[in-house]
Structure formats: structure tokens, C-alpha cells
Amino acid sequence: MERENKIHMPLPTAWPMALALGVALLVTGMVTSPGVSLLGLLLMLLSAIGWFRNVLPVEAHEYVEAEPDPMQVPSFRSSIEYLPAGPMHRKMIPVETFQFTTGLRGGIAGGIAMIVPATIFSLLKYHSLWYAMNLMAAGGFVSWAEQSDQFLAQFHIEGFLAALAIHTVSSLLVGLLYGAMLPMFPRWPILTAGFIAPLLWTGLLSSVLGIVSPILNARIDWWWFVPSQIAFGLVAGFVVNLHAKVRTSQFQALPFAVRAGIHANEPLDEAGGPESLK
Amino acid sequence: MSTAVAIPHQPIEEWKLPSRGIVGMACLIIAESAIFIIFVVAYLFYIGKSLTGPTPREVLEIPWFATVCLLSSSITVHFAVQSLRSAKVNLCAAWLAATVLLGGIFIAATAMEWYDLIYHYGLTVRTNLFGTTFYSLVGLHASHVIVGLLMLGLTLIFALMGKVNQHHAERLEVISIYWHFVDAVWVVVFTVVYIVGR
Amino acid sequence: MATQTQVTVNPALERGWLYHVQDWVTTVDHKKIGLMYIAYALIFLVIAGVEAILMRIQLLVPNNNFVSPEVFNRLFTMHGTTMVFFVGMPILFGFGNYLVPLMIGARDMAFPRLNAFSFWVSAFGGLLLYFSYFAGSGLYGAGTAPDVGWFAYAPLTARVFSPGHSTDYWTLSILISGIGNIGTALNIVATTLCMRCPGMKLSRMPLLVWLYLVVSGLVFVTISPLTAAQIMLLIDRYLGGHFFDTQAGGSAVLWMHFFWIFGHPEVYILVLPAFAFANEIIPVFSRKAVFGYPAMVAASIGIGFISLSVWAHHMFTVGMGPGPNAFFTFSTMVISVPTGIKIFNWLATLWGGNIHFTTAMKFAIGFLFQFLVAGLTGIMLSVSPFDWQLAGSYFLVAHFHYVLVGAILFMIFSAFYYWYPKITGRMLSEKLGSWHFWLFLIGFHLTFDFMHIPGILGMPRRIYTYEADRGWAIWNMIVSSGAFFQAVATLIFVWNLVASYFKGEKAGPDPWDAWTLEWSTSSPPPSYNFATIPTVESRRPLWDRKHPEEPDAHYE
Ligand code: HEM
Ligand SMILES: [Cu+2]
């Protein structure tokens, strides 16, 4: 394509603009008078031909003289020290982390675990296996919220299916969100997932549930709700912790000794950067 | 500090990118499909909701012949591209002519159907919801057929003038993709209007 | 033939203005087209901004008579329509046009002529819309602009309720600008897929390019339904069809569905480019590579898909029944997951970084915070019972302006400060930039924080005045006063754009020590962008060139 230092570029042309004007006049005629449309149609025809001849048989082009690219840009970074001096110009935070799917697995496990305290709550307070489940299903059936406690204590197949769907989807979503946050908080998954996240989540829920569904809000027993959230979190965090951490791409940059595990007790995911690894 | 920098070039694997004509046409097809979906949804939504007659059952005949013509034109256009690829320009022109003819028959059939509907049954866009949705959906499709016919017809003329050669195979392929799309849309329109809607 | 035309380096100086006009009218250069998009959007920004100010003057005090109710109706209709279709879309496409080829190491768009056509047809659409002020009822009548609201609900648009042509102006101008939008989107997709320089795999593309790819994909499946709906409206109005004619069994709710099937993804079309700018600007001024690139790409695609399934949260008050209400409440909340992922990733990019508070970065940080708040009010509105209270109130107006101004406009300003040096070769003044930022920030919060309150107190949107005893007066006063701060800040910005063009500090090719390919060519770039097509080995090609001893390629 390049001939010496000339570059092949498309030739400027007014036909596209003329065609656009034609289209615009065509529709303008619809709100003014048909003559304008006719003019637009003519212009469209004319410019379609013009455009056509511009690209066929070969696209019209010109050769533009080129100057060499300026890109010998030195980095100021090499001259000004922004970071504490190290052998490398980069800082490495975290070198090891968890995979996204780990979060999902945690979500599933937590979702299963959460059923236990919820069921204990149902049994103790309402002597029924199904109360907590029906309460959750009531989120999907607007009419259920007004039902009596007896009704909610019985087994209903549609309630079972609705609760199952709601519970599965929300466990997966929480797991997904958790998985997305994990790379940022690779340390202490049991603490972050087990306590902090459930507390935040419960706080959020308790503040909006009064608006979303006041009747549901009246029936939820927050003293039981919090422990079941925590159960969710603890199990999710535990499952995550079981999984091996994966190395982030930064890992390969570490000195060989560290990678080989000779300096294994170095704090790998310390935010300190390479200089702490010397 | 280094100013002139030698970039450590790894030998770059062979760099192949998709053809822009085909990608562009694919985009156009996605956009057009969205337009058709909305019209189809409107048609389905309004089936049986007209307050006055005539109803589809009373006036619509299933256009088997036109449908067969249009669908087989997909095959002929395919052969046209094939023959241009192998540099058989005359053969290509013949296939193109067949395509244009088949498409022309389809349009003529639609025109006759509309003439019948308007002058014998008095069904227009204004008559009822069926009229509104029928003419707009079928008309939208027909206008696409006409655009396709124009492009194919022009190509045919150029082919007859001997201005088309093997290098244009890709462009012709882009047109043929459009034509296949128009045919596929007809399958949907046909099902919705003449089978479900009746 | 013209194939041998030579363009010498700087001929513009000796030629007259006619030469310039011809140059711009006939250009097929993606950079010039991008600039025309931006310039035209800025002009409409000023026009629609003036309309907003007029409305705020009218609402400044109770029982005001500054404009008549009819004029007020036209003002909010034109303001909304202009801002969405003739400011938002063109400015974002303008930046996309300018940046995408440069960032992927290409010399032009895939279809340069189509690009020019798309721009011109959208531009003429805007002109047509404003021509309605002179000829709205047809050339021979008195002129009026459209006054049916930016979503033009049926049956208000039926011939009986809006006689004359004012509504047709609205329909037709949007219709043809839609053609342009689809053309440009097609071009962007074809460019990103087919014009990348060697080594620029999809997994190495700058996130901005990824987001523009998603946006363009969304344009196909959103602008097209709008086009279809507009065609139906035209059939109703011109040919006497019955699509939205309730007298003949047609459905007004169908129009709502069609409009919002367009309308909701459209707001994401507008906000994703803002994300795109943030993705480039935040890392550069944090001096860190963007955190979680694959998650960012996945979240962008996820947002694109989910945004297609939430439209009816605009229709909770129509009475769709508990099933659809529950579904759309839920799907709307789901969208906060990928959005949350993005926010976390930006925070993680900032975290531990060496943050440089340039004006561009200040705007970007304002964006982060304000987008979060707007997302939260959005979640509140997505809860259908809550929405029944607040739909159609000023709370809703505050919600979406928080996004449109607080997030999108802030990021657009940020983008101007960041790329102006590339576009013109001169830096924008940081001092004026500071004034601009702080004044705008104050004005923004005065206006839009306080706008939530009259909404909660029950003030409906689109009323042209209100009584003094409603308790809304003080809030409206505050809201209107904020508008003036914003106007002044915008004037400073415009002045900065003009003055820096002539007197700004010279920028050089790479003033920010940035990492993407556009900074490797001179500022402003030559018409061919790159004399030699670059090759790329990592997501930050310029980092590799600046630090050959430890290129990014080793880390990805
Ligand atoms: C992040 C999550 C978001 C959520 C959950 C959300 C939710 C909502 C809801 C439920 C409504 C309807 C309110 C009503 O009509 O009563 C609404 C309206 C609106 N939103 Fe959002 N939104 C979000 C983000 C955005 C973004 C990013 C934009 C713009 C770029 C935006 C722009 C708008 C607009 C323009 C309207 C009002 C349309 C009108 O009625 O004229 N929203 N939003
Ligand atoms: Cu929405």
C-alpha cells in the first residue's frame, strides 16, 4: 500500500453529504410541501449515482505524504521517581487471589447452609417446617402477605417452588457479587464474607423492606434473620477459603526465588510491592 | 533514560481479520431484524382485535406459488456467487437473471394480492387493525425485496456489460447475504400472517 | 483521475474560507467527522441548556408568568428530545469516531463515506427538529414546536389531539437521525472487528473500544425498535392507520412498550461511553493499569444484555399486574450487580495508586460518586410500590438528571480535559478547569440534590407553575439557583475551549504519560493517523515502548 512515504487514503467526496441532504429534504417535504420531497428524491438519486461512481470500479483514493511518527516518546517516569525506588516501575497488589467461580460456589454452599437456621426458627416459633419458606415465597405472591400464620405454616407446592426459585437466584447473585469483590479482598474471606457482608446486607434490607413490603417486614424476625445471614456468610467464606488461591498475572513478575517457594514465608499479597521482596 | 526504543517484537502470528463487508452486512441484518420483530409483535398483538371486518380468514389466500419462487431465489443467488468465485461470469449472469425473475414474480404476486384486497374486498390501511398491521408488515418486507431486486438487477446489468469479474465475488456475496435475510424474514412473515393469523 | 491529488502539509493558511467549508463538507476523515459531531452536539447543548434555564426561571417562584403553559410544554419536549438525540448521541459518537480508530491503530473507519453520510443525516435531523419553531403547523400556518413530551405517549400524538405538523417534526427528525445512528454504530462495529492493527487482539483492546462495541450493538437493537415505532406512528398520522388509535381497538400501552424498549437501553447507550472514558482516564491518573480487565469486559457485556430486559420499570403505574411488576422490579435490581462490579473495579484501580488530581481526574471522581448515588435512587424507583408514589414526580426527574448530568456530563467534561490536547495540540487551562469543576459541582448539587425533595413532597414533573402554599417554593428556588451556577461554569468551559486553542500550552504527543495508541502519534494527529501501522503486544502498548526492560506483555 505504501509507496515510498505516501499513504493511501480515501478521497474526500461530497456525495454522502448530498445524499443525507436528499433524505432530509425528502422527509421535510412531508411536513411542508410535496415539491420539497420531489427535490429531495432527485438529489438522492443523483448522489446515489455519484457515490456509486466514487467507489466503483475502485474506491477513489489519494496519496498523502507522510512524516515519520513522533513516537520516540520518553516516559517521564524514567526520569521522575513517582514510586519508592525499586528495580521495577510497577507496584504489585495482590499476587494471589481467588477465582470468580469460587464466589459462586460459596454462594451455593451458603444458600444451602442458610436453610438450617431458618428452619430451626420456623420449628421453634411456629412449630412448622415451612413457615420461613412461605415467608420468602410471599415476596413473589402479593396476596400471600395478608394470609394468616396458620396458612403460612402449611406446606404449599407453589410456595415451595417460588421460595426455591427466589432462594437459588439470590444465593447465586450474592455469590457472584462476592466473587467479583474477592480479587480485591483476598485476605480473610471468612471475616469479610462471614460477618461484614451479611451485616451490611441485612442492614440494607431492613432499611428498605419497610418500604418494599411492609407486611413482610412486620413478620420477619430480625433476631433470627441476622444469624441465618451470618450462617450463609460463614459457610460461603469457609468454602471460599478451602479453594486454592490462583496467581494473578503479577505473580510471574516476582523474583524466581519467591516463585519457587524458597522464600515461601514472604507475605505475598502484602500491598508493599516488589521492594519488600528483595 | 532511554529515548530511542527497540520494541521487543515477538513474531506476530498471522494477522487475519474478518471482512468488513460481511461484518457490516451482519450488523445491518441485526438492526433490520429488530425492526421486523417490532412489526411482527404488533401484528401478533392485534390478531383478532379488529372491531370491524374483513377478517384475515375472509380475504387472505395462502400465496404458495410466490413463496416457492422467493425461497428458491435464495438457491439461485447462492449459485450466482459460486460461479462468480470460479470466474464463470456468464453463468453468474444467468443465475442472477433467474434470481431477479423469481423475485420479480414474488413482487408481482404481492401487487396482485393487494390490488384484489383493495378493489374487491375494500381492505385498506384505514379499514381496521388487520388492514393497518397487514399492509405495514407485508409492505415493509416487500420494500426490502424491492431494494434487493434493485441491487441484484444492477449487478446483472453490469455483468451483462462485462464489467463484473472474479474480484467482485465478495461484494456479490454481501448482497446475497442480504437476499437470504429477506427470504428468511418472509418465512416468519408468512407463518405469522398466513398461518397463525388466519 | 483524482487519484494523484497531493495534500501538502499546511495549505489551509493561504486558502480562503470557501476552501475550509469545502474541506469539512467533503471530508471522510474519521477525526474531522468526529469533531463535527462534537461541535454540533455542543451547539445543541447550549440550545437545550438555554431551554432548561428558561424552564427554571419559570419555576423559580410560585405563580410565575414568565412563559405561557404552551411554551412550557414545548420547552420540556424540545429540551428532552434535544438532549437525548442531538446532544447525547452525537457527542458520544463524536468521541467514538475520533478515538476508536486511533486506539486500535487504524488509519480510518471501515466505511469512511458511510461515516460522513451518517453524520450529515443526523445533523440534518437536528436542524429539521428546530425548523419546527418556524413552520410547525405546516409552512403556511404559524410555527410551533412539538409539545408532546420526549416520549410522546399515545393518544396525545393522534391527529385529533395534535393537529398540524408539530408532532410530525418530532417523529421525522428522530427517524432520520436514527438512520445516522445505526450507520455510525455499524461503522464502529466493523472498524473494531476488521481494522485492528497487528497484535491488537480482542483481549488487548482498550476498554473504551470494548464499551463502544457494546454500545454499538445496543444501538442496533434499540434504535431500530424506535424506528419501527416511529414508522407506525407515521402510518397512523399520515395514512389513517390504527396502531395506537384506541377508538379502533388500538393500544396506547403498546406505544409505551415500544418506546421504553428503546428508552431504557438508550439510557445505557448514553452512560456506557461515560464508563468508557472513565476506564481510560482513571487508570492513567492513578498511574496503575485498570483493575480487573476481564471482569470489566464481562460486566459491560452483561449490562448490555440485562438492560434489554428492564424497560417496563418505566410503566409500573400503568397497571401491568403483579407478575410483570415483580419481574421488572427484579430484573432492574439485577442490573446493579454488573454495575457494582464496575464501581468496585474503579475503586480498586484508584486504591494504592498514585493519584494525580488533574481537572480530568476531578471530574472522573465526581462521576464515580454521583453515579453511585444515582444508581441508588434508581434502585429505589425500581421497587414498584415505591415507584407508585414517586413516578412522574420531581424525584424521578432528579434521579435521571443525577445520571445524565452527574455521571454522563461529568465524564464528558473529563474527556474534554483529557483528549483536548490530542485533538488540538494545546492543553486546556487547568486554572480555568478548576473554576469550571468547582462551580459546576456546587451548581449540580444545589440543583439535583434538592430536586429530590419537592418530588417527595408531591410536586409532579412537567407542571408549568405551582401555588405558593404547597411548600415547594423554597426548594424550587434552590434548584433554580443551582442552574445558574452550572450555566456560569459551562460558559467558563466554553471560554477555556476557545482561549486554550489559541494560547494554551503546547501539549506534545503524550502530555499525560498515557498508555494507549492515540498518544503515540503527533497532536493533532495527521490525516493518516500513523505513518507506520503499529504493532501491539499488550493492553498498554505505550507502556511497553516506554519501559522495554519490563513490558506489560510479560504480565498478561
Ligand atoms: C443503575 C441503575 C438504574 C436504575 C435501577 C434505574 C431505575 C429507574 C427507574 C425504575 C425509572 C422509572 C421511574 C419512573 O418512571 O417512575 C427510571 C427512570 C429513568 N432513568 Fe433510571 N435507573 C438506573 C440508571 C439510569 C441511567 C444510567 C440512566 C441514564 C443514563 C437513567 C435514566 C433514566 C431516565 C431518563 C428516566 C426517566 C425517563 C422518563 O420517565 O422520562 N437511569 N430509572
Ligand atoms: Cu430505565
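Any value given below was found using the heavy atoms of this structure, including those in side chains, with hydrogens, waters and symmetry copies removed. Here is the naming used below: chain letters follow the sequence lines, and residue numbers restart at 1 for every chain.
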Residues 41-54 of chain A: residues contacting chain C (heavy atom under 4.5 Å, by number): A:W51, A:N54
Choice from C:N325, C:D29, C:L175, C:V121 maximising heavy atom contacts with chain A below 4.5 Å: C:V121
Cation over ring face, C:R107 and C:F530, 6.0 Å, 45°: no
Region of A:M9 that comes under 4.5 Å of a non-hydrogen atom in chain C: side chain
Residues which pass side-chain contact (heavy atoms from CB on, under 4.5 Å) with C:P525, listed by chain and number, not counting sequence neighbours: C:K31, C:Y98, C:L102, C:K422, C:T521, C:N529
Polar side-chain atom of C:S286 near backbone of C:I355 as donor-acceptor pair, under 3.5 Å: no
Any donor-acceptor N/O pair, C:K32 side chain to C:S527 backbone, under 3.5 Å: no
Inter-residue atom distance C:L127.CG - C:S122.OG, 0.5 Å rounding: 11.0 Å
Nearest-0.5 Å distance, OH of residue C:Y169 to CD1 of residue C:I174: 14.5 Å
C:H165 side chain to A:T32 backbone, donor-acceptor under 3.5 Å: no
Contact origin within C:F330 toward chain A - heavy atom pairs under 4.5 Å: side chain
Chain C contacts, top residue of A:V169, A:L21, A:V55, A:L25 (heavy-atom pairs, under 4.5 Å): A:L21
CG-CE distance between C:L172 and A:M30, expressed to the nearest 0.5 angstrom: 5.0 Å
Interface residue of largest heavy-atom contact number with chain C, from A:P10, A:P16, A:A14, A:A18, under 4.5 Å: A:P16
pair C:S166-C:S132: side-chain heavy atoms closer than 4.5 Å: no
Engaged part of C:D168 at the chain A interface, taking heavy atoms whose separation is under 4.5 Å: both
